[in-house]
Amino acid sequence: MFCTIVALAMFFICENHIMAEARCEAAKGKTTCITEDLLEMLMNIKDQRSQVSTMRPVFFAFLKSSTTYSGSMVYKFDDVRTNIGNGYNPDAGVFTAPKKGIYQINCVISALPNIEVYYQVMRNDAVFGHGTTSKGLYDSSTNVWIVELAKGDRVYIQHRNGARKFHTNLHSYFGGYLL
């Protein structure tokens, strides 16, 4: 058992380059300083890994600028409220996955009165899904996609029909996060 603990501790020490200071004050018959030091190192490794795993990429941005979109223009959600991991680029309107994993990507597009807006979510320049608003009074379209992304994969919302201007000022947004 002791050899297994020592082997595991040495693996984690080498794998994570973690050093621990010996500051054991073990009472006789209870434990040894080596065991105490190994347990402390293992607990430090566990704490460091849990801190890293909680740093999940997340982004959320509103469309602030009132722009007329046409052709296959990319919607540039320029009022960034959250960008943990710095994956979202508001100048390009593109989210680039900083980590591999399953992401939830979502958007709300709010149309101006009597205008339909047609758009699509793109993953690495390929269509992943479509969205459309109805032709009514400030109708909106809400979409949520679950998509597996590799590190470096790009996701963005692209216009797909006619020239359209839609409702901005905190009514249309794009966001996503690592599940």
Side-chain angles (χ1 to χ4, degrees), residues 16-18 43-179:
N16 295 292
H17 309 288
I18 296 172
M43 293 304 289
N44 287 339
I45 291 167
K46 182 180 175 187
D47 288 345
Q48 289 177 357
R49 285 194 174 171
S50 68
Q51 288 173 1
V52 169
S53 69
T54 60
M55 299 289 288
R56 294 176 186 243
V58 60
F59 74 100
F60 184 83
F62 286 103
L63 191 62
K64 178 174 54 176
S65 301
S66 185
T67 302
T68 299
Y69 289 92
S70 61
S72 58
M73 292 174 68
V74 174
Y75 298 164
K76 296 177 182 174
F77 297 84
D78 49 357
D79 185 2
V80 179
R81 300 294 176 99
T82 303
N83 197 9
I84 297 171
N86 294 316
Y88 182 67
N89 177 346
D91 295 328
V94 175
F95 172 71
T96 303
K99 290 182 176 183
K100 174 186 175 186
I102 307 294
Y103 286 78
Q104 177 175 309
I105 304 296
N106 54 76
C107 77
V108 169
I109 304 297
S110 183
L112 291 173
N114 301 314
I115 293 178
E116 290 175 310
V117 177
Y118 300 90
Y119 59 95
Q120 55 200 14
V121 66
M122 305 292 287
R123 182 179 74 184
N124 296 329
D125 302 324
V127 176
F128 188 79
H130 291 112
T132 306
T133 67
S134 298
K135 192 174 190 178
L137 185 61
Y138 295 106
D139 282 354
S140 65
S141 171
T142 302
N143 286 286
V144 176
W145 298 278
I146 303 299
V147 57
E148 185 174 0
L149 299 175
K151 181 179 180 179
D153 279 354
R154 299 173 317 112
V155 177
Y156 54 95
I157 308 293
Q158 183 180 53
H159 193 70
R160 66 180 174 100
N161 188 24
R164 303 286 190 267
K165 185 182 268 192
F166 48 90
H167 204 24
T168 58
N169 197 21
L170 307 179
H171 292 282
S172 298
Y173 62 82
F174 178 38
Y177 57 91
L178 176 64
L179 295 174

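Note that this is a predicted model, so its numbers are computed, not measured. In this chain, numbering begins with 1 at the start of the sequence shown.
You'll find the side chain of Thr168 stays beyond 4.5 Å of the side chain of Lys64, heavy atoms only. Inter-residue side-chain proximity for Val58 and Gln104 is flagged as unmet; no heavy-atom pair is nearer than 4.5 Å. The side-chain heavy atoms of Val155 and Leu149, taken from C-beta on, include a pair separated by under 4.5 Å. Using a 4.5 Å heavy-atom cutoff, the side chains of Arg154 and Asp125 are in contact. When side chains are defined from C-beta on, Lys99 counts as touching Leu178, because their heavy atoms get closer than 4.5 Å. No side-chain heavy atom of Phe62 sits less than 4.5 Å from a side-chain heavy atom of Phe174. Looking at heavy atoms from C-beta onward, Val108 lies out of side-chain contact with Ser172 at the 4.5 angstrom threshold. Side-chain contact between Ile109 and Cys107 is present, with at least one heavy-atom pair separated by less than 4.5 Å.
Here the CZ atom belonging to Arg164 is positioned 7.0 Å from the CD1 atom belonging to Ile115, to the nearest 0.5 angstrom. In this structure, CZ in Phe77 is found 13.5 Å from OH in Tyr156, a value given to the nearest 0.5 Å. Once rounded to the nearest 0.5 Å, the distance linking CD1 of Ile157 with CG of Leu63 reads 11.0 Å. Here the straight-line distance linking atom OH of Tyr138 with atom CG of Asn114 works out to 10.0 Å at 0.5 Å rounding. With rounding to the nearest 0.5 angstrom, the CG atom of Asn89 is 9.0 Å from the NZ atom of Lys76. The CZ atom of Phe128 sits 12.0 Å away from the CE atom of Met122 when rounded to the nearest 0.5 Å.
The minimum heavy-atom distance between Thr96 and Gly152, with the atom names listed, is CG2-O, 3.6 Å. In this structure, Ala111 and Thr133 approach most closely via the heavy-atom pair CB-OG1, 3.4 Å. For the pair Ala150 and Ala97, the tightest heavy-atom approach, listed with the atom from each and the gap, is O-CB, 3.6 Å.
Distance alone, capped at 3.5 Å, places no donor-acceptor pair between the Thr68 side chain and the Ala163 backbone. Under a 3.5 Å cut-off, the side chain of His159 and the backbone N or O of Asn161 do form a donor-acceptor pair. One N or O on the side chain of Arg123 and one on the backbone of Glu148 form a donor-acceptor pair closer than 3.5 Å.
Checked against the 6.0 Å centroid criterion, the rings of Tyr88 and Phe60 do not qualify as a close aromatic pair. In summary, the aromatic rings of Tyr75 and Phe166 are positioned with their centroids under 6.0 Å apart.
Checked by atom type, the side-chain pair Tyr118/Glu116 shows a donor-acceptor distance below 3.5 Å.
Residue Phe95 forms a ring-ring contact (aromatic ring centres under 6.0 Å, His included) with just one option from Trp145, Tyr177, Phe59, and that option is Phe59.
With respect to the salt-bridge test (charged N to carboxylate O, under 4.0 angstrom), the residues Asp153 and Lys151 do not qualify.
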Stepwise side chain to side chain donor-acceptor pair (under 3.5 Å) check, Asn143 with Tyr119: CA-CA 11 Å; Asn143 286 286; Tyr119 59 95; 2.6 Å; yes
